[in-house]
Amino acid sequence: MKPPGATLGVLGGGQLGRMLALEARRMGYRTIALDPTVDGPAGQFCDELIVGSFSDVDAAVRLAERSTVVTLETEHIALPVLQAVEALRPLYPGAAILGTIQDRLSQRRCLDSIGVPHTRYAEVTDAASLDVALARLGQPAILKTRRDGYDGKGQVAIRDAESLKAARALLHQQPCILEAFVPFEREISCIAARSLDGHFAAYPIAENIHRNHILHATIAPARISAETARNAEEVTRAIAEGLGFVGLLAVEFFVLPDGTLLVNEIAPRTHNSGHFTLGACATSQFEQQARCIMGLPLGETTLFSPAVMVNLLGDLWLDRTPEWELLLGLPNAHLHLYGKAQAKAGRKMGHLLLLGSDIDASLRTADEIVR
Ligand code: AMP
């Protein structure tokens, strides 16, 4: 166990790193982040910031030298950087796991080998293999870049001749996989942690509502049967154990109308759909991540109150100032802002956590705030 006073290094300095730094500092740890921007969300809260890109090995080595243990808030970090860090300090999760997860194709093959159900897919490398894959998986289908995709970026839904042309253009730029389109009833995620000594703890399953491929709101607990929730937790446990994962992870699922679960993707880090844990649960996902990597016992994951988390995107700022008095005047609402200087459409600027047993009322409030 690394006691308080040790230094937690984090690769990445966005909002996930910021909330990790907040929680880790509360627990008495020092924090240091690596990020390309000087005044980013985490840099404002860490004891130290190293400015460098996610492919800058020298900068990452400097971070590792000043850290006791290193973790990350984004999986989009160059493998040589991860390997250089791991050669110097414990890195959780490790470079080999991250290498597997960074590439959608190797992530899918890994899910195959663990034996959990996930979306049907095919590797595609050129127009000919795309045609073969489309014939097998049918239309609509979704072409996704193997690397660096998030919030719907690097994806094309193939439905007609025009979108097929766009898909071919994307494939020309980057290797991709094709996924069968899943006619899901809802999307859920399981936020869980696995400790150094192999203990596993999952939070109550969360339900996620996306708009334009970006998470709009999370409902906890998800409106699913106890059996579906248990299955999602067991699949997540199988993935964490199969990978030999240490740290905090999120597994996103599609739920079909008959309750069947299909894994959509794994995030090897804290997750936007786990923000409800900070304010609604005994231990936040960020404290849990710190506990995992510092070798502390895992915290309780009990949900104290049903919750709705709604993302506040930059769109809210574009033509007016958000109505702070209204937001802050809501009963049982907790505002989190990430300290980003510039608002842009689709950019995550903050979130609002609405606590209370009336989920429908919270969802209505969320929709009034974010129309
Ligand atoms: P991803 O970045 O892969 O998680 O995709 C972002 C969102 O796009 C998901 O949360 C779904 O709402 C939608 N999506 C992605 N893949 C599929 C699929 N195979 N079938 C249906 N919807 C999908």
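In listed order, ligands and their atoms are each counted from 1.
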Original post:
What are the two closest non-hydrogen atoms of Ser189 and Asn208, and how far apart are they?
Top reply: OG-ND2, 3.0 Å

Original post:
Tyr338 vs His351 aromatic rings, parallel, tilted or perpendicular, using cut-offs 30° and 60°?
Top reply: tilted

Original post:
Hey, are Arg18 and Glu73 close enough for a salt bridge, meaning a charged N less than 4.0 Å from a carboxylate O?
Top reply: no

Original post:
Will you find, in the side chains of Ser284 and Glu23, an N or O donor that is under 3.5 Å from an N or O acceptor?
Top reply: yes

**OP:** Using a strict cut-off of less than 4.0 Å between a Lys/Arg side-chain nitrogen and an Asp/Glu carboxylate oxygen, indicate whether Glu368 and Arg364 qualify as a salt bridge.
**Re:** no

Subject >> Neighbouring residues of ligand 1, heavy-atom cut-off under 4.0 Å >> reply: Arg104, Thr119, Ile142, Lys144, Gln155, Glu179, Ala180, Phe181, Val182, Phe184, Glu187, His210, His213, Phe254, Asn264, Glu265

Original post:
With sequence neighbours left out, which residue pairs that include part of residues 117-133 fulfil the salt bridge (charged side-chain N to carboxylate O under 4.0 Å, His left out) condition?
Top reply: Arg109-Glu123, Glu123-Arg146, Asp131-Arg168

